[in-house]
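By convention in this document, chain letters (A, B, ...) are assigned in the order of the sequence lines, proteins followed by strands, and residues within each chain are numbered from 1. Just so it is clear, the values below take in all heavy atoms, side chains as well, and ignore hydrogens, waters and symmetry mates. These numbers were taken from a predicted model, which means no experiment stands behind them.
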Amino acid sequence: MADLSVNICGIDFKNPIIPASGVFGYGREYEEFYPLSKLGGIATKGTTGKLRTGNPAPRIAETPSGMLNSVGLQNPGIDAFIEKELPNLLHKDTVILANIAGATAEECAEVAGKLNDTDVHMIELNISCPNVKQGGAAFGTSCQMAEQVTKAVRNATKKPLVVKLSPNVTSITDIAKAVESAGADAVSLINTLLGMRIDIKTRRPVLRNNVGGLSGGAIFPIAVRMVWQVSNAVKIPIIGMGGVSSGEDAIELMLAGASAVQVGMACFTDPYAPIRIINEMNDFLDSQNIDTVREIVGTVQPW
Amino acid sequence: MADLSVNICGIDFKNPIIPASGVFGYGREYEEFYPLSKLGGIATKGTTGKLRTGNPAPRIAETPSGMLNSVGLQNPGIDAFIEKELPNLLHKDTVILANIAGATAEECAEVAGKLNDTDVHMIELNISCPNVKQGGAAFGTSCQMAEQVTKAVRNATKKPLVVKLSPNVTSITDIAKAVESAGADAVSLINTLLGMRIDIKTRRPVLRNNVGGLSGGAIFPIAVRMVWQVSNAVKIPIIGMGGVSSGEDAIELMLAGASAVQVGMACFTDPYAPIRIINEMNDFLDSQNIDTVREIVGTVQPW
Amino acid sequence: MKYTQGLYPIIEKKAIALDTYSFTLYCPEVADIAQAGQFVHILPENYGLRRPISIAGIDPENGTLRIVFAIRGKGTKALANMNEGQRMDMIAPLGHGFTLKPDAEHVVLVGGGIGVPPMLPLAKYYGNKATAISGFRSFRQVILQEDFEQFGTQVITCTEDGSAGAVKGFVTAPLEQFLSEGIDAVYACGPLVMLKAVAELCIRNKTYCEISLEERMACGVGACLGCACQTKDEKGEIHFQHVCKNGPVFKAEEVLF
Amino acid sequence: MKYTQGLYPIIEKKAIALDTYSFTLYCPEVADIAQAGQFVHILPENYGLRRPISIAGIDPENGTLRIVFAIRGKGTKALANMNEGQRMDMIAPLGHGFTLKPDAEHVVLVGGGIGVPPMLPLAKYYGNKATAISGFRSFRQVILQEDFEQFGTQVITCTEDGSAGAVKGFVTAPLEQFLSEGIDAVYACGPLVMLKAVAELCIRNKTYCEISLEERMACGVGACLGCACQTKDEKGEIHFQHVCKNGPVFKAEEVLF
Ligand SMILES: Cc1cc2nc3c(=O)[nH]c(=O)nc-3n(C[C@H](O)[C@H](O)[C@H](O)COP(=O)(O)OP(=O)(O)OC[C@H]3O[C@@H](n4cnc5c(N)ncnc54)[C@H](O)[C@@H]3O)c2cc1C
Ligand SMILES: Cc1cc2nc3c(=O)[nH]c(=O)nc-3n(C[C@H](O)[C@H](O)[C@H](O)COP(=O)(O)OP(=O)(O)OC[C@H]3O[C@@H](n4cnc5c(N)ncnc54)[C@H](O)[C@@H]3O)c2cc1C
Ligand SMILES: Cc1cc2nc3c(=O)[nH]c(=O)nc-3n(C[C@H](O)[C@H](O)[C@H](O)COP(=O)(O)O)c2cc1C
Ligand SMILES: Cc1cc2nc3c(=O)[nH]c(=O)nc-3n(C[C@H](O)[C@H](O)[C@H](O)COP(=O)(O)O)c2cc1C
Ligand code: FES
Ligand code: FES
């Protein structure tokens, strides 16, 4: 049995595997399959200041080794989250990353602030959502906006702040450096890539929202590349994700520089994916006589 | 039998299917499978001013529904191309798109200029390669650089100029508009997305170049989205590509706005892919009682 | 609710119409608890997303479940290519099913096309107290009519082109007849246009009606919010619900078409 | 060169060692023209890239081809799971093979591990004029020794741990022996370290030597430039060649290790 525990920003995780935000709700459904205490942590569905109904359906489309979603930020709002979901979750003996978002930096800061009085372990700030004040471009696509929203949230919370980066950019390292300098304690990446599918018979986009976020195995090589680039650009720890579906994939992202790994779409293919991945990581480390998973982080040897 | 012919920038194609640059060499090998005259056109391997040996091997890695390549711009140089490859190709009764590239705008212009005295039908300018004068960022990642290189090539040639866009950018529509205003007659997209794979046992990147270009079905939804966005942003025609492996995929890209479609990685899976795709397009159009493929271009109805 | 995920052997495969298959799976733990109107979420090999398929038969004695599906795309094609002895990767049972009315004297089961199969477990429950009105495009699509008869359920087969069955045209004509005579409940599954027509008729007639909806799904268990549908409550307030968890069965008056 | 792509039925499947399989395929048009040292490019179902596998047997009379491969990753695993009667999607024959020397009196075939199979067609050609020196890690990996004997070829089996065969250690020791006695040609396939050692020995001894290289491939036919390898000509000038088209067999002195 390899030692799978990791520590990120002072928070202990019993293992590096975390179901990603948006795929796991608040854990209630997957708890019917296995105890949540087996997980390193849980990233909860993105929460905003007020209730949001999300985008109209259809919200799901299949793609080669991947999928698109246009759920949008459907959520009950931060107050309902704190009142109805968090107390239950905090008793599950696993690290809770509260994923938050907003249409303005102020909204993000307000949401983060409301979490100060809770025992949530970390805040994961999703900067892929459109900034209404700046004409709707995503916070995550410009260094200034990324910096601004990170600063605002940084000022609102003392909790470890993980900023979740968008891959839909020319240079993810620039954004990573901007949020690092603005006070992020860690970064997580990658969020989904923007994609589209069209029903060729009806000539309508499959998603009612026309476009949606691409996730799954298809984006894995992009995630590996971006985690590696970012790990060479910043000093803060990285939580990697994007298309991880096996223990080997998780190891690969950790070699590239991730200290922990989130699992998204794979939970749909196999609800037990996070548990299976934890076991497969252990088996791999044992087979290579590696004592602790921490020792492999960032140890890829570039040519 | 539907009418599959299309016309782009005044050039007639007997059908919209074109093997993509870099996967088909100069056609010699695939000619052993079928006559090249069946193809709408051929985009030749990227050619530079002088011979280039490309990157060291391994140059190929597999990914979920896709692959990475780091061939680099291995090619014999424009003079050898014109002398040894082009004369043969121009007798194949198919449209030849000479894909060109260079490390500086001047090199690109010089290569284009040398093609003036040939009967090559179109020039496809690949702006995904690094601009050595501007510190190595790809021409295709900034509007100014894209404009500059397009203008230089525009001034060097009267042939129809297709500019091939990189998807590794925050806003592909901005780049498309920049090259349109700089005189491009058409755009082609998408080139590969930057990705990476690591061998978890050796801890070495699979590619000797560390990173490489992602192509194949995995990127198809990104291609559809980008073609759709660009078709809403520019007036010039679009040649679409990225992960097309069936007639249905080709139709989908054309609905999104492409006037013709290139086929890359699918040629490796199935050397007959371009021929099969032409047949499948025809079958689909027939089944929907559509007389000509031209009539579907850009007819997706967004919600 | 406890979900089960497992690999369940196919013990019978039958082609029952053009591109339409019936599979019987051995899965006692699911057969023990499954209810009419629930569905299973099946993973075709080499695909990333599961396919939701209604439960068309529940046999706790033999520990089997039956599903009936049509080939619509690549995933259902892959499932249709599976054979007896192979195992289907399935999460089940999912969703909440139809409300059974033990005191009902006459209920009508309205199925349209591939919406007919989920009516079968209701026919098993209601037996000769049920009438199954099934609508199909033509004789080529007609399925499962003899299965209803086996449960003693009265069968009314409709085809749009009149190529089979007693009724030429839509399911709504015979349904209106029964509604006017007075019935206790209507259950429906099928294309959206049909469901809308059925719901409107029942609401106008103040007859209890439940319908089963479809939506594209990812998780199938209520976690991803992928399968949203809008519903309205008695006060007319609009809610977002999820077909996989809150449905697939909804009360007719809840659904916002 | 004409390439053939087709679906060829598996007529025999045999497990011949730990995770190592021998498949015989029926493909007369390929068997008719294939040469020792050429390879086939096989598509595992649901994968995007084909896998290059050397030809281990050519039987034009029966119209069959034999391949022998080890499970190394997902693709070879998928191929190993195929069964008799199923069809392999193959492009063949590819590359250019070994140079056959009709006048040779004694040649040595050096195979290392899964590099042994491509030596078999050479053994068939040279019969008792050939000696096959095969190296393996241990007895668990030993394959095909009796196949060489069947062609009358002398067999020298080496294992690193001495758990099988006459020689404990590497193939180089017996090879040096033959080189010093004088032989007409050496053909080799196996791990790069082995090939390098073999090439150096032969060059030093001025013995004609050809080796078969491996590289990751996409097209397999010479179009994508994916499988580059560096070679040097007599003048010492460096060239980029491609394993799939210019190889996989190269002259020892050409290869830049
Ligand atoms: C609750 C429920 C019960 C169902 N019961 C049955 C049944 O008993 N028999 C039957 O034949 N069909 C049933 N369907 C429809 C069935 O799920 C689709 O036909 C099937 O998912 C199509 O998959 P595909 O791979 O063949 O099509 P593709 O078009 O290749 O699928 C692409 C993606 O779209 C999804 N999708 C496509 N059509 C539908 C649809 N109508 N509903 C939901 N998702 C869709 C697929 O699941 C997949 O994720 C049911 C759907 C739902 C939601
Ligand atoms: C000319 C030639 C002849 C060969 N002959 C044989 C043979 O007779 N028997 C045999 O067992 N093996 C042979 N190999 C090696 C065989 O091709 C690989 O073991 C196989 O491709 C691994 O595929 P995989 O899916 O199992 O591994 P994965 O690691 O999952 O494959 C991932 C990708 O890397 C490629 N790859 C991985 N290893 C190699 C390799 N060593 N060489 C080339 N590509 C590789 C795969 O083709 C695939 O594209 C030969 C290779 C070449 C180039
Ligand atoms: C249905 C769905 C909903 C998602 N919702 C959110 C969200 O609310 N906030 C967020 O930061 N990321 C969200 N994501 C992105 C994932 O957390 C993750 O970054 C992405 O899916 C890539 O990982 P994967 O390839 O493993 O799925 C969502 C993804 C999916 C598939
Ligand atoms: C092996 C390989 C080599 C390529 N070389 C070039 C090139 O020289 N010039 C160029 O513009 N694009 C090149 N491309 C990109 C393709 O032309 C195409 O844009 C990309 O592969 C996406 O299409 P696909 O998904 O259908 O492969 C290359 C792609 C591959 C796979
Ligand atoms: S499919 Fe995930 S919530 Fe319904
Ligand atoms: S694999 Fe394409 S050139 Fe060799």
Considering only heavy atoms, which portion of [X] lies under 4.5 Å from any heavy atom of chain B: side chain, backbone, both, or neither?
{"X": "A/L207", "value": "backbone"}
{"X": "A/T299", "value": "both"}
{"X": "A/S166", "value": "neither"}

Name the region of [X], side chain, backbone, both or neither, that has any atom closer than 4.5 Å to a heavy atom of chain A.
{"X": "B/S287", "value": "neither"}
{"X": "B/V211", "value": "side chain"}
{"X": "B/I198", "value": "both"}
{"X": "B/I290", "value": "side chain"}
{"X": "B/I200", "value": "both"}
{"X": "B/Q288", "value": "side chain"}

Where [X] and [Y] come nearest, the two heavy atoms and their spacing:
{"X": "B/C129", "Y": "B/N126", "answer": "SG-O, 3.4 Å"}
{"X": "A/A138", "Y": "A/T141", "answer": "O-OG1, 2.7 Å"}
{"X": "B/V6", "Y": "B/R294", "answer": "CG1-CG, 4.1 Å"}
{"X": "B/P274", "Y": "B/P19", "answer": "CG-CG, 4.2 Å"}
{"X": "B/E62", "Y": "B/R197", "answer": "O-NH1, 3.2 Å"}
{"X": "A/A105", "Y": "A/Q148", "answer": "CB-NE2, 3.7 Å"}

For the residue pair A/N209 and A/S70, confirm or rule out a side-chain donor-acceptor distance under 3.5 Å. no
Could you check A/M281 against A/I251 for side chain to side chain contact (heavy atoms under 4.5 Å, CB included), going step by step and ending with a plain yes or no? CA-CA 7 Å; A/M281 289 182 85; A/I251 298 278; 4.1 Å; yes
Only pairs of heavy atoms separated by less than 4.5 Å count here; which of A/M254, A/R225, A/K201 has the most with chain B? A/R225
Assess the residue pair B/F139 and B/L125 against the criterion (side chain to side chain contact (heavy atoms under 4.5 Å, CB included)); give the C-alpha distance rounded to whole Å, side-chain angles, the decisive distance to 0.1 Å, and a yes or no. CA-CA 11 Å; B/F139 281 108; B/L125 170 64; over 6 Å; no
Can you check whether B/D3 reaches B/D291 side chain to side chain, under 4.5 Å on heavy atoms? no
Take A/I296 and B/R203 through the test side chain to side chain contact (heavy atoms under 4.5 Å, CB included) and record every step on the way to the result. CA-CA 9 Å; A/I296 70 164; B/R203 301 196 188 179; 3.6 Å; yes
Winner by heavy-atom pair count (cut-off under 4.5 Å) against chain A, out of B/V169, B/L194, B/N168, B/L68: B/L194
Under 4.5 Å, heavy atom to heavy atom: which of residues 212-224 of chain A reach chain B? Give them by number, or say none. A/L214, A/G217, A/A218, A/F220, A/P221, A/I222, A/V224
